[in-house]
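First up is the structure itself, then whatever we jot down about it.
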Amino acid sequence: MTVDRLPRWFPPALFLAALAAALWRIPTPEAVNFLPPALSADVATRESNAAQAFLPQAKGAHAQASLTRWPDGRLALAWNGPSRLDPAENAIWVSTRDRQGQWSTPLEVATRATAAGGSFAHVRSISSPTLHAEGSWLQLWYVGQALGEWGGTFLYHSTSTDAGKTWTLARRLPISAGSNLSQFSLRPALPLADGGIALPLVRNAAGHPERWLRFSATGRLIDQIEIRKDDPLFGQAGSRQVEIPR
Amino acid sequence: MNALAAYGLVAHALIIGALFTLLPLGDLRPKIALAATTLSLLIGIAPGLHGLFGIPSVSLLLLALLQLANHTPSSFTVRPASGVLLFALIFYPMAHGFGPFDPYPLGYQPWAIIIALMPVAVALWWRRKPMGILILAGDLAAYATGVFPNFWDVLIDPLLVLLALAIVGRHLAIRFIASRRR
């Protein structure tokens with residue numbers, strides 16, 4: 001390499017050009033405004049009960065399930081369950097309910113293998129799905145672990161544009177410097193007034209305040225903001241977690 | 001295909017190839033580096049590292065490419081390695097919850113970080129370190145592509161810190177042994 005033979009002005013000129021391009025790329029989001037809940041408490045409870053009544057048919061479902069609602073009243077539910085190919089492994093299953101109240105046959109939408117295939121990285125297990133209906137689309141986030149219980153935890157994201165029938169390849173989202181050393185869990189997502197999504201994330205380790213991830217209307221992760229304890233919007237329903245009946 | 005995932009996998013493979021060029025292999029050096037890069041993809045070392053550490057920084061990838069291209073003397077000497085190490089000693093504990101605030105979210109809208117790179121670039125230019133400026137330019141250009149949501153992931157990563165630790169550790173060990181022989 002002959003870097004020393006370059007004119008002395010060339011590296012700073014290149015640096016300034018790259019600097020200008022990088023500054024242009026920085027997202028400039030609007031002030032945070034959460035959308036008010038579109039659902040009355042009555043309807044939310046009724047729908048949660050319907051999901052709870054359906055879940056026992058979803059064999060092997062464990063931990064919590066995530067329920068979300070399209071604007072036209074259809075529901076979508078995601079939960080952890082044993083993988084179809086290897087029951088010892090965890091997979092994420094999704095079922096949707098039409099306006100007549102019929103649940104679709106559960107579909108395995110994410111496995112350890114699909115998460116690894118989408119991220120080109122080793123994944124040991126996946127869990128904790130959170131589902132969010134946005135327009136006619138479904139957004140799914142879940143947690144993937146490379147090492148097991150003690151680290152290497154990453155957040156994965158996948159989208160369906162056809163009511164949960166097909167899903168994009170899993171994308172791993174950068175939410176921590178290097179690998180996450182602690183476990184984390186997801187809470188129901190909330191829509192933002194600018195078309196973006198807020199996804200609360202709780203790290204199960206001391207020293208980490210609760211945060212939420214801010215996604216732009218185009219789906220780009222643009223911020224990570226501390227959750228204020230006095231923020232009333234986080235107590236309201238966007239999509240919901242459903243306890244699986246024992 | 002997810003560009004960030006593809007970048008992470010290929011970058012890890014190239015970094016492993018660059019590591020093998022450090023071995024005293026003589027004329028076999030480029031062939032071994034190529035074989036190591038390929039094998040790391042085939043036998044799962046690169047996906048394993050990608051799974052464990054996340055994406056490598058563009059800074060580390062550029063250093064690996066310089067090493068693969070046999071660029072001598074190395075741009076990552078004891079002084080920049082000490083700087084990286086010192087920065088990492090503050091940054092990583094804070095980013096993992098051991099400090100008054102987490103600097104990692106600053107990287108999603110990195111105005112302050114990018115502006116802070118300007119005096120660094122001026123200092124590098126003043127000290128006639130063109131490769132340092134080119135690496136920073138490469139980092140900024142990579143961020144400008146929009147593939148990386150967080151600028152910290154472009155700038156620094158745990159493997160770069162391990163490399164810096166190895167360089168500083170080796171330097172200190174040589175100085176220690178030399179002082180014992182005097």
Side-chain angles (χ1 to χ4, degrees), chain A residues 1 3-4 6 8 10-29 116 118-124 144-147 151-152 154 168-182 203 205-209 211 214 220-226, chain B residues 1-2 4-6 8-9 44 46-55 66 69-71 91-92 95-99 102-105 107-111 114 117-118 121-122 124-125 128 130-134 136-141 143-146 148-153 156-158:
Chain A
M1 295 278 283
V3 174
D4 295 335
L6 290 172
R8 195 158 182 237
F10 182 75
L14 201 65
F15 175 84
L16 286 174
L19 185 92
L23 288 173
W24 168 77
R25 172 60 71 178
I26 297 175
T28 47
S119 60
F120 295 151
H122 172 70
V123 180
R124 190 169 163 172
Q145 290 163 337
L147 271 182
F154 290 91
T168 58
L169 280 175
R171 207 160 50 98
R172 198 161 66 169
L173 301 172
I175 56 164
S176 172
S179 173
N180 281 289
L181 300 178
S182 57
R203 287 203 169 89
H208 279 294
R211 294 258 169 81
R214 182 175 184 181
R220 184 178 166 89
L221 178 56
I222 54 169
D223 211 349
Q224 200 178 116
I225 301 168
E226 203 167 307
Chain B
M1 189 175 64
N2 178 353
L4 192 60
L9 182 69
L49 284 174
H50 193 198
L52 191 58
F53 291 104
I55 49 167
L66 289 172
N70 203 15
H71 177 258
F91 176 74
Y92 279 102
H96 286 281
F98 303 100
D102 179 356
Y104 187 74
Y108 292 111
Q109 289 158 41
W111 297 98
I114 288 179
L117 283 184
M118 290 177 75
V122 170
L124 288 169
W125 183 71
R128 293 181 180 271
M131 192 51 86
I133 304 175
L134 289 174
L136 288 182
D139 289 345
L140 290 165
Y143 179 75
T145 62
F148 298 85
N150 193 302
F151 188 64
W152 288 123
D153 295 329
I156 191 167
D157 70 288

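Predicted model only: the values in this text are computed from it and were never measured. In what follows, every chain begins at residue 1, and chains take the letters A, B, ... in the order their sequences are listed.
Between Y143(B) and P110(B) the shortest heavy-atom distance is OH-CD, 3.3 Å.
Heavy-atom distances place no part of R214(A) under 4.5 Å from chain B, backbone and side chain included. Contacts of R172(A) with chain B are made by both backbone and side-chain atoms, with heavy-atom separations under 4.5 Å. Interface remark: P158(B) contributes side-chain atoms only to the contact with chain A (heavy atom separation under 4.5 Å). With a threshold of 4.5 angstrom between heavy atoms, Y92(B) approaches chain A through side-chain atoms but not through N, CA, C or O. When heavy atoms are compared at a cutoff of 4.5 Å, T28(A) approaches chain B solely by way of its side chain, counted from C-beta outward. In this structure, the portion of F148(B) lying under 4.5 Å from any heavy atom of chain A is its backbone and not its side chain. Proximity to chain A is limited to the side chain of D153(B), based on heavy atoms less than 4.5 angstrom apart.
When each of A20(A), A22(A), A116(A), G144(A) is checked for heavy-atom pairs under 4.5 Å with chain B, A22(A) comes out on top. When the candidates L14(A), L16(A), D223(A), L23(A) are compared by the number of heavy-atom contacts under 4.5 Å with chain B, D223(A) comes out ahead. When each of A21(A), P174(A), P12(A) is scored by its heavy-atom pairs under 4.5 Å with chain B, the top score falls to P174(A). The most heavy-atom pairs under 4.5 Å with chain A, out of T145(B), L124(B), I55(B), D157(B), come from T145(B). Chain A forms the most heavy-atom pairs under 4.5 Å with one residue out of G138(B), A121(B), A137(B), and that residue is A137(B). Most heavy-atom pairs under 4.5 Å with chain B, from the set A17(A), S119(A), A177(A), G118(A): that is A177(A). Interface summary for chain A: among G132(B), A141(B), G8(B), P130(B), the most heavy-atom pairs under 4.5 angstrom belong to P130(B).
The side-chain contact (heavy atoms from CB on, under 4.5 Å) search around A5(B) returns F120(A), N2(B), not counting sequence neighbours. In this structure R171(A) satisfies the salt bridge (charged side-chain N to carboxylate O under 4.0 Å, His left out) test with no other residue, sequence neighbours excluded.
Aromatic ring centres of W125(B) and F15(A) lie farther apart than the 6.0 Å criterion allows.
Note: F91(B) and W152(B) have tilted aromatic rings, judged against thresholds of 30 and 60 degrees for the angle between ring planes.
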Start with the C-alpha distance between R211(A) and D102(B), add both sets of side-chain angles, then the distance that settles side chain to side chain contact (heavy atoms under 4.5 Å, CB included), and finish with yes or no. CA-CA 11 Å; R211(A) 294 258 169 81; D102(B) 179 356; 3.0 Å; yes

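To the nearest 0.5 Å, atoms CD1 (I156(B)) and CZ (F151(B)) are separated by 11.5 Å. Annotation: the span from L9(B) atom CG to L4(B) atom CG amounts to 11.5 Å, rounded to 0.5 Å. Atoms CD and CD1, from Q109(B) and I114(B) in turn, are 11.5 Å apart once rounded to the nearest 0.5 Å.
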